Amino acid sequence: MSSAGGQLIKTERHGKAGLIRLDRPEALNALSDALMAELGAALVKFDADPAIGAIVVTGSERAFAAGADIREMKDRRFPDTFRHDFIAAHWDILLGVKKPIIAAVAGFALGGGCELALMCDIVLAADTARFGQPEINLGIIPGAGGTQRLTRAVGKAKAMDMVLSGRMLTAEEAERANLVARVIPAAELLAEAIKLAEHIAALSPVAVAMAKQAVNSAFETTLRAGILYERQLFLSLFGTPDQREGMAAFLEKRTPRFDQG
Ligand code: DAK
């Protein structure tokens, strides 16, 4: 394991897994512009690094992130919010990351913290995790997918409940609602997330990147267009050495050696 980092995040490498820890404990990892800039830069760096195959984003035991920074937002006024691309630039960086991002969530994941988790590809939750969209208590509404990505994940009934009341969900309730993939005892969360990232990182990088894009397209297009897109990606993988290696290895009863370049 090696580590580095800026002031508001820390990065580590665990084999081919890149780990990003949000590290602003005094504000429960509130997602200030500076923190999001550091997070975006770290994601871009890991995404471009051939030695990394998957990325884990985590917070602390107490908070994954308690939302965007309310102190920073308090004096913002319309129309400047609209004209100057309020907050969005650093958040949008996540959308361009090709490698899988795993959110390892313990403690509070509120507002932008919940939305950040939902922008990741797999959400693993500690049994201590609490998910919520409390923006309504501040006189605003979610602004980073909490009415859209959340609704597609959990359905209208649960999304309305969360967005209109600001109520927090336990990890178990979040799992039942399809907001998270798995609930894990808090003490094992990070090790489990890194293990999952290392497992994915050992697979074919091109197949993994296409699998991510194909699933994400299900949220952005019609079923017919999505099926056609999936078909094109599927067919194109037959032009890769990894498809030949994966299938040959299966038939020869050995572990495949995918092109990790
Ligand atoms: N911002 C700034 N500081 C925060 C914070 C936040 N979101 N959450 C907590 N803190 C700070 C507290 O102010 C406190 O600082 P000091 O008073 O010690 O200086 C410290 O963290 C510890 O918090 P508490 O004393 O409140 O701790 P408790 O255990 O009593 O309560 C809590 C924990 C998480 C229940 C509570 O802190 C809380 O309710 N926090 C606010 C949660 C919230 O409302 N979050 C939603 C914020 S709005 C967008 C992208 C993102 C967004 C919008 C648009 N675009 C891309 C366009 C997102 C918006 C939001 O997230």
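Small disclaimer: the values here were computed from a predicted structure and weren't measured. For reference, positions follow the sequence shown, starting with 1. As the structure lists them, so they are numbered: ligands from 1, and atoms in each ligand from 1.
- Between R24 and D69 a salt bridge is recorded (basic side-chain N to carboxylate O distance below 4.0 Å).
- Looking at N137 against ligand 1, nothing comes within 4.0 Å, counting heavy atoms.
- Atom 18 (O) of ligand 1 has its closest protein heavy atom at E26 O, 4.5 Å.
- When the heavy-atom distances from atom 37 (O) of ligand 1 to L116, L28, T81 are ranked, the shortest goes to L28.
- Taking only non-hydrogen atoms, the option from G112, A109, A88, A144 nearest to atom 50 (C) of ligand 1 is A144.
- At least one N/O-N/O distance between A68 and ligand 1 falls below 3.5 Å.
- One distance of note links CG of D127 with CD of E175; it measures 11.0 Å at 0.5 Å rounding.
- Ligand 1 places these atoms under 4.0 Å from at least one heavy atom of L138: 44 (O), 47 (C), 48 (S).
- Cluster membership for V97 and L35, using ILVMFWY side-chain heavy atoms within less than 4.5 angstrom, is shared.
- Nearest heavy-atom pair across A17 and A197 is CB-CB, 3.7 Å.
- Distance check on atom 55 (N) of ligand 1: some protein heavy atom falls below the 4.0 Å cut-off.
- Inside a 4.0 Å radius of atom 25 (O) of ligand 1 there is not any protein heavy atom.
- At the shortest separation from atom 51 (C) of ligand 1 among protein heavy atoms lies W91 CZ2, 3.5 Å.
- Residue P134 holds the heavy atom nearest to atom 44 (O) of ligand 1 of all those in G166, P134, G146.
- Closest of all the heavy-atom pairs between A214 and L233 is CB-CD1, 3.9 Å.
- In terms of protein heavy-atom proximity, atom 16 (P) of ligand 1 is nearest to R71 NH2, 4.6 Å.
- Under the 4.0 angstrom criterion, atom 31 (O) of ligand 1 counts as lacking any protein heavy-atom contact.
- K212 and D121 are joined by a salt bridge, as a carboxylate oxygen and a charged side-chain nitrogen come within less than 4.0 angstrom of each other.
- From the protein, the heavy atom lying nearest to atom 49 (C) of ligand 1 is G143 O, 3.7 Å.
- Atom CD of E172 sits about 10.5 Å away from atom CG of L169, to the nearest 0.5 Å.
- Ion pairing between E245 and R254 holds under the 4.0 Å rule for side-chain N and carboxylate O.
- In this structure, F258 CZ and Q243 CD are separated by 10.0 Å, a value rounded to the nearest 0.5 Å.
- Aromatic ring pairs are classed by plane angle as parallel below 30°, tilted from 30° to 60° and perpendicular above 60°; the pair F238 and F234 is perpendicular.
- When only non-hydrogen protein atoms are considered, atom 48 (S) of ligand 1 lies nearest to M73 CE, 3.6 Å.
- Distance check, rounded to the nearest 0.5 Å: CZ of F64 to CG of L31 gives 8.0 Å.
- Residue-ligand proximity, F86 to ligand 1, at heavy-atom distances under 4.0 Å covers atoms 57 (C).
- Looking at atom 1 (N) of ligand 1, its nearest protein heavy atom turns out to be I70 N, 2.9 Å.
- Within the 4.0 Å heavy-atom shell around ligand 1 one does not find E72.
- With 3.5 Å as the limit, one finds a donor-acceptor pair spanning the side chains of S204 and D242.
- Using a 4.0 Å cutoff on heavy atoms, Q133 does not count as a contact of ligand 1.
- The residue from A65, A30, A66 that puts a heavy atom closest to atom 8 (N) of ligand 1 is A66.
- The protein does not reach atom 39 (O) of ligand 1 closely, with no heavy atom under 4.0 angstrom from it.
- Distance from atom 10 (N) of ligand 1 to its nearest protein heavy atom, with residue and atom name: A27 O, 3.7 Å.
- Atom 61 (O) of ligand 1 is flagged as protein-proximal [any protein heavy atom, distance under 4.0 Å].
- No donor-acceptor distance shorter than 3.5 angstrom exists from the side chain of Q133 to the backbone of P142, with no hydrogens or angles considered.
- By the 4.0 Å N-to-carboxylate-O rule, E115 lies too far from R149 to be salt-bridged with it.
- Here the protein heavy atom with the shortest distance to atom 28 (P) of ligand 1 is R62 NH2, 3.7 Å.
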